[in-house]
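Accompanying notes for the structure given below.
Heavy-atom basis, side chains included; hydrogens, waters and symmetry copies ignored. In what follows, every chain begins at residue 1, and chains take the letters A, B, ... in the order their sequences are listed.
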Amino acid sequence: MFTATSLNERNDQVQRRFRLLFLVMTLLLVLPVLIILTLLVVRGAPAISLEFLLAYPKSGMTAGGIFPALLGTIFLVAMALLFSVPLGIAAAIYLSEYAPDNWLTRIINLAIINLAGVPSIVHALFGVGAFVIFFGFGTSILAASLTLAIMTLPVVIVATRESLQAVPQAFREACWALGATKWQTIRRIVLPNSISGILTGVILEVSRTAGETAPIMFTGAAFFLPFLPESVYDQTMALSLHLFVVATQVPDVPDHLPYGVALVLVGIVLIMNATSIGFRTYLRGKKKW
Amino acid sequence: MVDQLRSTPTGGPNAGPGKGAPLVLQIKDLGVRYGDKAALTGVSLDIRENEIFGIIGPANAGKTSFLRAVNRMDEFDSHMHVSGEVLYHGDNIRNWRNPYAIRRRIGVVFPLPVGLPLSVYENVAFAPRIRGVNTKKDLDIIVERCLRRAALWDEVKDRLETLGSLLSGGQQQRLTIARALSQEPTILMLDEFSIAVDPVTTMRIEAVLKELKHEMTIILVTNLVQQANRLADRTALFLNGRCHEIGDTQALFSGHVQHPETKDYIEGRFG
Ligand SMILES: Nc1ncnc2c1ncn2[C@@H]1O[C@H](COP(=O)(O)OP(=O)(O)OP(=O)(O)O)[C@@H](O)[C@H]1O
Ligand SMILES: [Mg+2]
């Protein structure tokens, strides 16, 4: 019945050519990632050992492990999230579920989106001004993680708000019509159906925070500390800064050391991302509409 | 002027509660506006206890807006503004400090069924739960009773744990009716409930509504003129955001109308 006309054939050819073009583009995109990862693994893997993870740096950071930096990064990220996640989720719930749709809300939303795009060095300077100097926390874990928190806050808010708004409005209206209050609706219907998106956003945020250097450089991360911090008012080492230091600031570092540090940092990020993807897949399987 | 309209000739043997029946709702000069655009103006009518009050009218007439205003749904839509009075047993619902109380007394069924992302059981148990019924035993009783009354029990009794949204369209519509009944409402408002339902199920639901009428007041918005004829004790025709005519259904359908447009609409010669 159906015979291909010359027009059909030409369309078909064009479509195939475009497909090829997009495929090449995609491969070009993947290539650098593959090269970086290969390089990291080949050069860095020899450095990795349990001792490397659990020992202090030695001989002016030209040997030994990364323990204080690893622990410091975990500390900083955890504390930053402790501030930014509850605050961010609460703000997002307010903005998405309660705030009236007026110019003030719109300005706040715009501000948050812009805040998410502010370079991290600017957040760093804000952190110095606000937490280190004004609040008098000094260069400390507290100041550094608060700076990280401020930096992650807008992203947490945006991710949460988007997940909340993905829940169909009809569900809310159906609940309200049943006499449910806004909070009952949020707790029983909206949150359970957006939690996967919220958590995914948060986990992705963690991996970004772990790699940040600028915001902690002036607010609490130390070049080198021969001991672990004792309180949140102490400074700490951090992986990202440590990488910068051993790669550029210290002479006579054996080649494999910075690669090892980088591999650990990338490893953390990849593990977090994989967790987030796995989580999303798992929860999407349970999605209810 | 509307008071004159209400005195159309009274109907035949099946007419509902008579003029002396207690009034559940008194609507006075109700207006609804979205932004600057009026959707409903100057609607005044009374709704009597235990009657089925039909509302018919073409698209855009403001029927849905009327229901939303009665349920105070304007609170959730910043563009929607309501003027005039809605008296529930003589009390202006605007003055109720607790809007949830009015919504709990009024069950609504939307045109397109919205199954909450919960199991069949939890869909029906939702309203009882939020008003504080928590024991499994009580909930079981309520769920079964409401599903039975919505003519759905036999079809879902073996799969109460499946998601409500996995039921067929007509079953979901009955699920939303069961859910509205689980509020134990004094007024049940249905907005074009038969849009997504097959004729057989429609007939079954209509039979249910006739039963329910003995326990509650029903406001039935419908696009099917004959559905109003079959069910409603009194019928109102909404037209272009106004209540054009109100009368006993039998009278209206036998041609005792004040406005020729009403007759045209009823007989399908409209537009
Ligand atoms: N949420 C809303 N926001 C803005 N305008 C609305 C909203 N709901 C209804 N309107 C407007 O109000 C007017 C009346 O709509 P309404 O839904 O009350 O009509 P209806 O009689 O129910 O029509 P239909 O028979 O098609 O359901 C329409 O012009 C519509 O565009
Ligand atoms: Mg409508």
Side-chain angles (χ1 to χ4, degrees), chain A residues 92-110 160-200 280-289, chain B residues 35 64 67-68 70-80 96 98-119 122-132 146 162-166 172 175-176 178-185 188-191:
Chain A
I93 290 179
Y94 176 76
L95 286 172
S96 155
E97 306 295 319
Y98 288 99
D101 181 20
N102 57 23
W103 60 270
L104 183 63
T105 313
R106 280 196 286 268
I107 286 180
I108 293 177
N109 280 328
L110 205 65
T160 306
R161 208 184 47 200
E162 272 165 16
S163 317
L164 292 175
Q165 281 170 359
V167 176
Q169 185 67 12
F171 290 167
R172 296 185 180 85
E173 295 202 353
C175 285
W176 297 333
L178 287 170
T181 61
K182 279 208 161 175
W183 173 240
Q184 285 170 325
T185 306
I186 292 167
R187 189 166 68 81
R188 287 169 190 262
I189 300 293
V190 179
L191 275 184
N193 286 287
S194 52
I195 197 76
S196 69
I198 296 174
L199 288 177
T200 312
R280 182 186 281 244
T281 318
Y282 167 71
L283 283 171
R284 194 179 287 161
K286 299 207 312 184
K287 197 143 185 169
K288 303 213 175 114
W289 77 85
Chain B
T64 302
L67 299 187
R68 283 165 61 97
V70 170
N71 215 16
R72 277 182 77 168
M73 289 302 267
D74 52 307
E75 263 145 61
F76 297 117
D77 184 344
S78 58
H79 299 290
M80 180 174 173
W96 289 27
N98 177 1
Y100 310 106
I102 183 73
R103 290 193 204 104
R104 282 173 197 178
R105 273 166 217 189
I106 301 181
V108 196
V109 175
F110 297 110
L112 292 175
V114 178
L116 291 174
L118 299 168
S119 68
E122 287 302 326
N123 258 283
V124 185
F126 186 89
R129 275 191 202 283
I130 60 172
R131 63 164 191 266
C146 294
T162 52
L163 281 181
S165 50
L166 296 181
Q172 283 190 53
L175 182 62
T176 60
R179 205 171 59 198
L181 293 175
S182 73
Q183 295 171 251
E184 298 178 351
L188 180 63
M189 307 198 294
L190 299 113
D191 192 357

(message) Do B:Leu118 and A:Arg188 make a side-chain contact, defined as non-hydrogen atoms from C-beta onward lying under 4.5 Å apart?
(response) no

(request) For the pair B:Arg104 (side chain) and A:Gly179 (backbone), establish whether a donor and an acceptor sit closer than 3.5 Å, ignoring hydrogens and angles. (result) yes

(request) Give, for atom CH2 of A:Trp176 and atom CE of B:Met73, the distance between the pair rounded to the nearest 0.5 Å. (result) 7.0 Å

(message) Please classify the contact of B:Ile102 with chain A as side chain, backbone, both or neither, using a heavy-atom distance under 4.5 Å.
(response) neither

(request) Report the distance from atom SG of A:Cys175 to atom CZ of B:Arg179, rounding to the nearest 0.5 Å. (result) 7.5 Å

(message) On a heavy-atom basis, which atom in B:Val108 and which in A:Ala177 lie closest, and how many Å separate them?
(response) CG2-CB, 4.3 Å

(message) Could you measure the distance from the CG atom of A:Leu178 to the CD1 atom of B:Ile130? Nearest 0.5 Å is fine.
(response) 6.0 Å

(request) Can you see which heavy atom on A:Asp101 is nearest to which on B:Ser78, and at what distance? (result) CB-OG, 4.1 Å

(request) Determine which pairs satisfy side-chain hydrogen bond (donor to acceptor under 3.5 Å, both in side chains) with at least one residue from residues 163-174 of chain A, sequence neighbours left out, and list them in order. (result) A:Glu97-A:Arg172, A:Gln169-A:Arg172

(request) Select one option (side chain, backbone, both, neither) describing which atoms of B:Arg68 are under 4.5 Å from chain A's heavy atoms. (result) side chain

(request) Heavy atoms only: give me the nearest A:Ala174-B:Leu116 pair and the separation to one decimal. (result) CB-CD2, 4.0 Å

